[in-house]
Protein chains: 2
Amino acid sequence: MAMRPTSVSPRGDQTRESLIDAAVAVFGRDGFRAASTRSIADVAGVNQALIGYHFGGKPGLYLAVFDRITRRVAQYLGPVAQSIEQQFDEIVASEDRQAARCVGFIHQLTDALVATFSAPESSAWARLVLREQQDPSEAFERLYGGMIGGMLSLISRLIAQACATDPNGVETRVMTQTVIGQALVFRSARATVLRQLDWQDIGAAEIKTIQSVIRRNVTAMLIGGRS
Amino acid sequence: MAMRPTSVSPRGDQTRESLIDAAVAVFGRDGFRAASTRSIADVAGVNQALIGYHFGGKPGLYLAVFDRITRRVAQYLGPVAQSIEQQFDEIVASEDRQAARCVGFIHQLTDALVATFSAPESSAWARLVLREQQDPSEAFERLYGGMIGGMLSLISRLIAQACATDPNGVETRVMTQTVIGQALVFRSARATVLRQLDWQDIGAAEIKTIQSVIRRNVTAMLIGGRS
DNA sequence: GTCTATAAAGTGATAGAC
DNA sequence: GTCTATCACTTTATAGAC
């Protein structure tokens, strides 16, 4: 089985990039099995046989697509997450719980999630990721290890700190999912959202509204009814 | 183009049922395009040519699948929704806002949503519905008109009543989505949920935990931080 | 109402020229 | 690194026997 060539030729690099770009769109639209290597090659403007040469075959290209998605999503969320991670270390080291500050960090993260999921490129990603969520393959490992896992861990620790609960407890983790779910639904149930709200698209104005409602919800959930 | 026969033969009925059952599973697993009529017929234990005879072709069978899903989900959620709808009419007619009672109704609905999405049959449905949400076709109309629209409307009115807001206002509708999103995420991000919580499955015990957390969240969101 | 058989088109992989 | 050509297989739809 042919593997990705080790030499770094500018021409070949360009071909690989074009193929991955095209594969994100076509795999997203048609799914792994229905997507044909011919249509991917056509969209990429390269020869069909080059998929075998550069990625070893259709499955290899599919995995390369998820590495691409992971890297791109990390570009959106990474800076915010890292900044919070750093400040969170100081909070844990201090004696004060600083619940309000933790909630503020969660607000930053839900804002970023809503913005990321609403980005135009996210449309193709979502189809791929949602499929993997229902029926995880090797590609899901790359997603979880590359981005999702770290994000879940960070939000769980912030919630635990804000509510003085166990970050590894079941309730904290379930609560983490409900926080993310509030942002995720605007992508996963997109057709329903557009229809119910009579929106043509989720643009800058709509994103602001969503972010503001989720901020309010999160605040109420975490420091509204207690301590 | 052959249409569904008008005569009602027991033998043909059985064939149609088998084909729809099989189609839910195979379309769910492979998507519309990748699913082959041959594999559907094999799973159903009938001849491939009968898909053309009974449904006019592959697209006709696909639509029949969504009618089936709509009817089944309505069996889960319909009774709860109707009971609440009835009592809600009385609340609107009365002078008291009865916010706590409205929140109780929403709890019943989120409980039902979590239970429905976690049902084993929901696994195949979800793949189909999530695809339509990203890329709606004629099948989405049947879903929205048959079930989703009514559920959204009911929750929006309950939220508006509980919070004294406009049921048709953007904020109320966005809030409705965030409520549903908390239940939906346990299906739409299933692989992530199972992994983060180290669950093998979402069974009766897990459902109880999820329902309880969402109930608490909804209460905080709607009557925790205000009035 | 169900079957077999088949036509016409599309699939992924790959050998081999350049 | 890229191309053309082709193999072996699968796809949907349908004609026609029963």
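Convention: sequence-line order gives letters A, B, ...; per-chain numbering from 1.
- Between the CG atom of B/Asn47 and the P atom of D/dG16 there is a distance of 17 Å, rounded to whole Å.
- Between the CZ atom of B/Phe55 and the P atom of C/dG1 there is a distance of 12 Å, rounded to whole Å.
- The nearest whole Å value for the distance from the CD atom in B/Glu17 to the C1' atom in C/dG1 is 16 Å.
- Looking at heavy-atom distances under 4.0 Å, A/Ala35 makes contact with sugar-phosphate atoms alone, never a base.
- The nearest whole Å value for the distance from the CZ atom in B/Phe32 to the P atom in D/dT11 is 14 Å.
- Between B/Arg68 and B/Glu121, no side-chain nitrogen of the basic residue sits less than 4.0 Å from a carboxylate oxygen of the acidic one, so the salt-bridge criterion is not met.
- Nucleotides of DNA chain C nearest to A/Leu50 and A/Ser39 differ in position, and the one nearer the 5' end is that of A/Ser39.
- Taking only side-chain nitrogens and oxygens, B/Thr15 comes nearer than 4.0 Å to OP1 or OP2 of C/dT2.
- B/Ile51 has its CD1 atom 12 Å from the C1' atom of D/dT11, to the nearest Å.
- More than 12 heavy atoms of other shown residues, nucleotides or ligands fall within 6.0 angstrom of atom CD in B/Gln75.
- The distance between atom CZ of A/Arg38 and atom P of D/dT11, rounded to the nearest whole Å, is 16 Å.
- Here the P atom of nucleotide C/dT6 and the CD atom of B/Gln48 are 15 Å apart, to the nearest Å.
- Position along DNA chain D of the nearest nucleotide to A/Arg33 versus A/Ala49 favours A/Ala49 as the more 5'-ward residue.
- Using a 30° and 60° split on the angle between ring planes, B/Phe32 and B/Tyr62 fall in the perpendicular class, above 60°.
- Atom pair A/His54:NE2 and C/dG12:P shows a separation of 18 Å (rounding to whole Å applied).
- Phosphate proximity of D/dT11 to B/Ser36: present, with a side-chain N or O under 4.0 Å from OP1 or OP2.
- Shown here is A/Gln87, whose CD atom has more than 12 heavy atoms of other residues, nucleotides or ligands within 6.0 Å.
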